[in-house]
Amino acid sequence: MTHVTHVDAKKVLVIKYMRSLAGQFLVFQLTVVAVVLVAVAAVSVAQSEGEFREVRGQRMIAVAENMASAPIVRERAEQVPPDPFTSRTLAPEVDRAVALSGASLAEILGPDGTVRASSDPSRIGARVDLGTSRADEGRAWFGDADIEGTHSLVGQVPILSIDGDVLAVASVSEQYPSVWALLSGAGEGLLVYLGLGAALGLVASWLLSRRIKRHTRGLEVAEIASLADHREALLHSIREGVIAVNNDGEITLLNDSAQDLLGVPGSAVGRRVDAVGIDPAVVALLMSSDATQDVVIATRTRVLALSRRAATSQGMRIGTVTTMRDSTELAALQSQLSSHKSVTDTLRAQTHEFANQLHTISGLVQLGEYDSVRDLVGTLTRRRAEISDAVTERISDPAVAALLIAKTSLAAESGVDLHLDPHSHLATLDPAMATDVITLLGNLIDNAVDVSVGAPHASVTVQIDDTDGLTISVVDTGPGVPEHLREAIFARGVTSKPEVPGGRGIGLALVRLVTAQHGGTIDVSDTPDGGAQFLVRLNAVSTHA
């Protein structure tokens with residue numbers, strides 16, 4: 001059995017912590033602190049070195065000038081050829097220069113760089129390269145030089161004859177201090193300040209790493225990345241559209257389905273919802289102050305079922321999340337169901353009408369008024385034939401004709417006269433097109449009949465023309481549609497019928513939807529008599545061969 005000691009366990013914990021997000025951030029912060037401290041130290045060293053070079057360089061020149069001005073030095077320098085005992089004679093002078101200035105080396109050089117006297121006797125006779133010096137040109141000079149492998153600061157002063165010729169060169173040099181010495185001399189307490197900065201940086205980094213760990217719920221980088229990947233995959237793969245809006249009205253999330261349903265690109269994220277081309281009815285919902293809403297909205301191309309909820313984080317509202325589903329097909333089925341219901345209502349109205357007529361005929365028969373029975377039946381037959389003939393003579397499609405005949409009877413039951421304009425004409429349509437025309441015509445007629453009920457001389461006039469595309473016009477005698485509502489009435493739940501709370505707005509919404517699917521247009525205007533006219537234009541009509 002393997003025995004795990006306390007030290008081993010501690011090492012494991014340290015390794016685990018260093019691999020965590022907080023540990024990695026701590027190491028990163030400490031690295032930054034270390035880099036900053038090294039940079040500060042480097043700047044301090046550079047400043048100290050520059051200060052040393054400037055101050056001590058002038059000092060070296062001053063010491064060299066003092067040494068060159070000594071009478072014994074000038075006397076020996078003027079001897080030609082040089083006295084072999086020059087080095088011994090000048091030894092006290094060069095030693096005094098070193099003692100007084102704290103220099104590392106003091107020497108008397110010949111014009112060719114040969115060392116004649118030196119505070120280091122082993123250098124007598126050696127050659128010094130004067131290539132960078134200006135002393136051999138008769139000028140004082142200080143600069144850097146490499147003396148026996150040591151980086152030194154050198155000051156050199158020429159010893160001139162009466163004629164201005166260079167007789168010798170007085171040279172004084174001092175070794176550059178070490179980095180540690182430069183740091184120590186950079187300023188009192190600099191090392192203390194650097195150490196204090198390192199300690200504060202360590203503590204701040206540790207506290208910051210703890211804070212990050214707390215705000216990331218203890219999750220590591222790989223776990224956060226995995227969660228983000230799963231979130232993106234889920235959001236963009238679900239069928240429902242999802243759009244999130246923050247408190248400032250900016251889009252913070254938009255999945256693929258929402259982009260398709262709303263007709264906006266993914267680049268809309270980060271922009272305001274009212275600036276990306278979303279349908280105004282949807283924008284009004286997304287910008288609404290109500291936290292919770294479940295509505296159905298018809299845009300120009302779709303019918304959308306939207307559910308809006310508030311989004312909160314740590315008890316604070318951060319925006320809203322709205323899910324949406326395409327209900328266009330469901331709305332179409334609802335429209336078809338409404339058409340069937342309309343036919344049922346028409347049959348019910350006709351059944352009621354026929355029952356009354358049969359009761360009348362039965363009573364006349366019982367009274368023996370056979371001539372009155374014949375006249376009544378003839379009148380009813382002619383009236384029914386007139387209605388049918390007025391429609392079928394102009395409308396060749398049986399489904400559309402049947403709808404108009406049924407709507408005529410249903411409108412009459414509501415006290416509204418439904419007329420087909422004599423200039424109407426419609427050829428036989430293929431079944432798919434006939435279904436869409438029935439949806440358009442049925443909803444427009446229902447809306448017109450509803451708003452005309454109770455109006456003086458209530459009537460609805462329908463005109464259909466297929467000579468150039470397909471044009472459907474429905475004119476009512478209702479109160480008309482105010483100009484500011486002519487766009488809004490095509491949204492779900494909006495109606496021009498004040499007596500019907502909430503209205504049946506899906507009808508007009510479907511009208512616009514079907515019209516858009518056929519590349520057509522729909523216009524709303526008021527008639528001179530005060531009613532409204534709905535004019536639908538479709539670009540092409542599919543006729544049945």
Side-chain angles (χ1 to χ4, degrees), residues 45-179 181-182 184-186:
V45 168
Q47 290 178 343
S48 298
E49 189 176 73
E51 184 179 354
F52 171 82
R53 189 176 187 278
E54 186 66 29
V55 174
R56 296 300 294 175
Q58 296 297 332
R59 176 65 176 164
M60 293 299 100
I61 290 179
V63 173
E65 288 177 345
N66 184 63
M67 185 172 64
S69 63
I72 186 64
V73 173
R74 293 191 59 81
E75 179 184 342
R76 293 294 180 178
E78 290 176 352
Q79 292 184 357
V80 179
D83 190 342
F85 299 100
T86 296
S87 59
R88 186 181 304 172
T89 305
L90 298 181
E93 295 297 328
V94 294
D95 290 341
R96 184 182 299 109
V98 170
L100 292 177
S101 65
S104 304
L105 185 68
E107 297 177 328
I108 301 298
L109 310 177
D112 58 352
T114 303
V115 179
R116 296 180 180 179
S118 175
S119 58
D120 182 3
S122 64
R123 286 180 51 82
I124 295 175
R127 293 289 298 271
V128 176
D129 184 12
L130 297 177
T132 59
S133 174
R134 307 294 299 275
D136 57 344
E137 299 176 3
R139 298 181 182 181
W141 171 86
F142 78 89
D144 297 341
D146 187 12
I147 300 177
E148 295 184 349
T150 303
H151 187 208
S152 302
L153 180 64
V154 180
Q156 295 178 345
V157 174
I159 301 174
L160 304 176
S161 66
I162 296 175
D163 297 332
D165 297 329
V166 177
L167 301 175
V169 175
S171 176
V172 180
S173 62
E174 181 177 357
Q175 295 179 2
Y176 271 92
S178 64
V179 174
L182 289 173
S184 301

Undergrad: Excluding sequence neighbours, so at least two apart, what forms salt bridge (Lys or Arg N to Asp or Glu O under 4.0 Å) with Asp120?
TA: none
Undergrad: Distance check, rounded to the nearest 0.5 Å: Asp165 atom CG versus Leu160 atom CG?
TA: 8.5 Å
Undergrad: Is any side-chain heavy atom of Met60 closer than 4.5 Å to a side-chain heavy atom of Val154?
TA: no
Undergrad: Can you tell me if CZ on Arg139 sees more than 12 non-hydrogen neighbours from other groups inside 6.0 Å?
TA: no
Undergrad: Which pairs of donor and acceptor atoms, one on a side chain in residues 102-114, lie under 3.5 Å apart (sequence neighbours left out)?
TA:
residue, atom, partner, partner atom, Å
Ser104, OG, Gln175, N, 3.1
Glu107, OE1, Arg123, NH2, 3.4
Glu107, OE2, Ser118, OG, 3.1
Glu107, OE2, Arg123, NE, 2.4
Glu107, OE2, Arg123, NH2, 3.4
Asp112, OD1, Thr114, N, 3.1
Asp112, OD1, Thr114, OG1, 3.1
Asp112, OD2, Thr114, OG1, 3.2

Undergrad: Output the distance between atom OG (Ser171) and atom CE (Met67), rounded to the nearest 0.5 Å.
TA: 7.0 Å
Undergrad: Closest heavy-atom contact between Val94 and Ser119?
TA: CG2-N, 3.9 Å
Undergrad: Taking all atoms of both residues into account, what is the closest heavy-atom pair of Ile61 and Ala140, and its distance?
TA: CG2-CB, 4.2 Å
Undergrad: Can you name the salt bridge (Lys or Arg N to Asp or Glu O under 4.0 Å) partners of Arg59, sequence neighbours left out?
TA: none
Undergrad: Determine, stepwise, if the pair Val169 / Ile159 fulfils side chain to side chain contact (heavy atoms under 4.5 Å, CB included).
TA: CA-CA 6 Å; Val169 175; Ile159 301 174; over 6 Å; no
Undergrad: Can you tell me how far OG of Ser152 sits from CG of Asp146, rounded to the nearest 0.5 angstrom?
TA: 7.5 Å
